[in-house]
Each structure stands twice: as C-alpha cells, then as structure tokens.
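Only one structure is covered here, and it is reproduced in the block below.
Numbering of residues begins at 1 and proceeds along the displayed sequence.
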Amino acid sequence: MKRPVLGSLLLSSTDPERLSAWYAAALDPGETSDLNGYRLLKFGEFYLFIDSRADISDKNPEPGRVILNFDVEDARAVAARMAQAGTRWLAELEERDGSLFATAIDPDGNYVQIIQLSGEHLA
C-alpha cells in the first residue's frame with residue numbers, strides 16, 4: 001500500500017486575492033491558477049490553495065502554530081524579492097551554522113520561513 005503524501009495546504013483568508021498576490025510576488029511559484037474559485041499556487045510538487053471563509057478574522061491570532069517552510073537555493077535573492085513585495089519580517093535573514101534562515105509575515109499574519117541549508121547540513 002502506498003503511504004500518504006502531503007501534497008497541499010489550504011490557507012483561508014478574508015482577502016484571498018491579496019494573499020495570493022503576495023505569495024506570487026514574494027515567492028515566485030512555478031504555477032498559478034484559479035481552480036473553481038480557489039487560488040492555486042504550485043511550489044515544486046506542493047500546492048498552496050488560498051480561499052475565503054466567513055468564520056475567520058483578518059489576522060491569524062496564533063501565527064506560530066503553523067509555519068510554512070520554503071527551501072530555497074539562494075536565500076539572499078529570495079529575501080530581496082520578498083522585500084520588494086513589501087514583506088514584514090519576524091526574523092530577518094541570518095546565518096545559523098552555515099545555513100540561512102528568515103521568517104516573514106504574510107499579509108494575513110501567517111509565518112513564512114525561507115531556508116537555505118548548507119552543504120554540510122544536507123550531508
């Protein structure tokens with residue numbers, strides 16, 4: 001039997017167009033589309049769905065509960081792209097034992113981390 005694969009995540013927003021536009025501008029997905037009203041962004045083999053819901057607030061009250069981690073090849077370039085998209089930072093780009101990490105805050109208050117692991121860390 002094939003094991004389960006985590007293939008997507010649904011982010012709900014009171015303003016899904018704004019949130020989708022930020023992810024597209026900040027992180028340059030390989031694909032963006034609209035699927036029956038869901039905004040769909042593809043990052044590698046992972047899909048990020050963005051939709052609206054009436055039972056949520058404008059800002060995430062507990063953003064540390066779930067952090068979206070994006071593995072990147074050039075964290076400095078991605079951080080610069082994110083800054084151009086108007087990103088607010090929880091933790092600006094920093095080196096930790098040869099790897100680079102930064103934590104952004106998306107327009108809904110969710111935490112989004114970019115990670116560039118060092119060759120030593122990957123080994």
Open item on the list: Can you give me the closest heavy-atom contact between Ala25 and Ala85, atom names plus distance?
Closed with: CB-CB, 4.0 Å

- [ ] I would like to know whether Phe49 and Leu41 meet side chain to side chain contact (heavy atoms under 4.5 Å, CB included); could you show each step before the answer?
- [x] CA-CA 6 Å; Phe49 290 87; Leu41 299 100; over 6 Å; no

- [ ] Please round to the nearest 0.5 Å and tell me the distance separating atom CH2 of Trp22 and atom OG of Ser13.
- [x] 12.0 Å

Less than 3.5 Å apart, which donor and acceptor atoms pair up between the side chains of residues 54-68 and the rest of the protein, not counting sequence neighbours?
| unit_1 | atom_1 | unit_2 | atom_2 | d |
| --- | --- | --- | --- | --- |
| Asp55 | OD1 | Arg53 | NE | 2.8 |
| Asp55 | OD1 | Arg53 | NH2 | 3.2 |
| Asp55 | OD2 | Arg53 | NH2 | 2.6 |
| Ser57 | OG | Lys59 | O | 2.7 |
| Asp58 | OD1 | Thr14 | OG1 | 2.8 |
| Lys59 | NZ | Pro107 | O | 2.3 |
| Asn60 | OD1 | Glu62 | N | 2.9 |
| Asn60 | ND2 | Asn110 | OD1 | 2.8 |
| Glu62 | OE1 | Arg65 | NE | 3.0 |
| Glu62 | OE1 | Arg65 | NH2 | 2.8 |
| Glu62 | OE2 | Arg65 | NH2 | 3.4 |

- [ ] State, yes or no, whether a side-chain contact exists between Asp28 and Phe43 at a heavy-atom distance under 4.5 Å.
- [x] no

TODO: Treating Ile, Leu, Val, Met, Phe, Trp and Tyr as nodes and any side-chain heavy-atom pair under 4.5 angstrom as an edge, say whether Leu93 and Leu117 lie in one connected cluster.
DONE: no

Open item on the list: Main chain of Ser118, side chain of Ser99: is a donor-acceptor contact present, judged purely on distance under 3.5 Å?
Closed with: yes

Open item on the list: Does atom CG (Asp34) have a neighbourhood of more than 12 heavy atoms from anything else shown, all under 6.0 Å?
Closed with: yes

TODO: Indicate whether any N or O donor in one side chain lies under 3.5 Å from an N or O acceptor in the other, for Asp51 and Ser12.
DONE: no

Task: Atom CD of Glu92 with >12 non-hydrogen neighbours under 6.0 angstrom - done: no

Open item on the list: Please list all pairs meeting salt bridge (Lys or Arg N to Asp or Glu O under 4.0 Å) that have one or both residues in residues 37-49, counting only residues at least two apart or in different chains.
Closed with: Glu17-Arg39

Task: Salt bridge present between Arg88 and Asp106 (N-O < 4.0 angstrom) - done: no

Task: Criterion side chain to side chain contact (heavy atoms under 4.5 Å, CB included) on Ile114 and Leu27, from CA distance to verdict - done: CA-CA 9 Å; Ile114 57 171; Leu27 292 161; 4.1 Å; yes

Open item on the list: Which heavy atom of Leu40 sits nearest to which heavy atom of Tyr47, and what is that distance?
Closed with: CD1-CD2, 3.3 Å

TODO: For the pair Phe70 and Tyr23, name the ring-plane relationship: parallel under 30°, tilted 30 to 60°, perpendicular over 60°.
DONE: tilted

Task: ILVMFWY cluster, Phe101 and Leu90 together (side-chain gap under 4.5 Å) - done: no

TODO: Look at the side-chain heavy atoms of Ile, Leu, Val, Met, Phe, Trp and Tyr, link any pair under 4.5 Å apart, and say whether Leu6 and Ile115 land in one connected group.
DONE: no

TODO: Give the intermediate values and the outcome of side chain to side chain contact (heavy atoms under 4.5 Å, CB included) for residues Asp108 and Arg18.
DONE: CA-CA 9 Å; Asp108 282 8; Arg18 177 196 66 199; 2.3 Å; yes

- [ ] Report yes if some heavy atom in the side chain of Ser33 is under 4.5 Å from a heavy atom in the side chain of Glu31; otherwise report no.
- [x] yes

Task: Which atom of Thr32 lies closest to which atom of Ala24, heavy atoms considered - done: CG2-CB, 4.4 Å

TODO: Check whether any side-chain heavy atom of Met82 sits under 4.5 Å from a side-chain heavy atom of Trp89, and report yes or no.
DONE: yes

Task: Side-chain heavy atoms of Leu19 within contact of Leu11, under 4.5 Å - done: yes

TODO: Please say whether more than 12 non-hydrogen atoms of neighbouring residues, nucleotides or ligands are located less than 6.0 Å from OH in Tyr111.
DONE: yes

TODO: Measure from the side-chain N and O atoms of Gln116 to the backbone N and O of Leu100, and report whether any donor-acceptor pair falls under 3.5 Å.
DONE: no

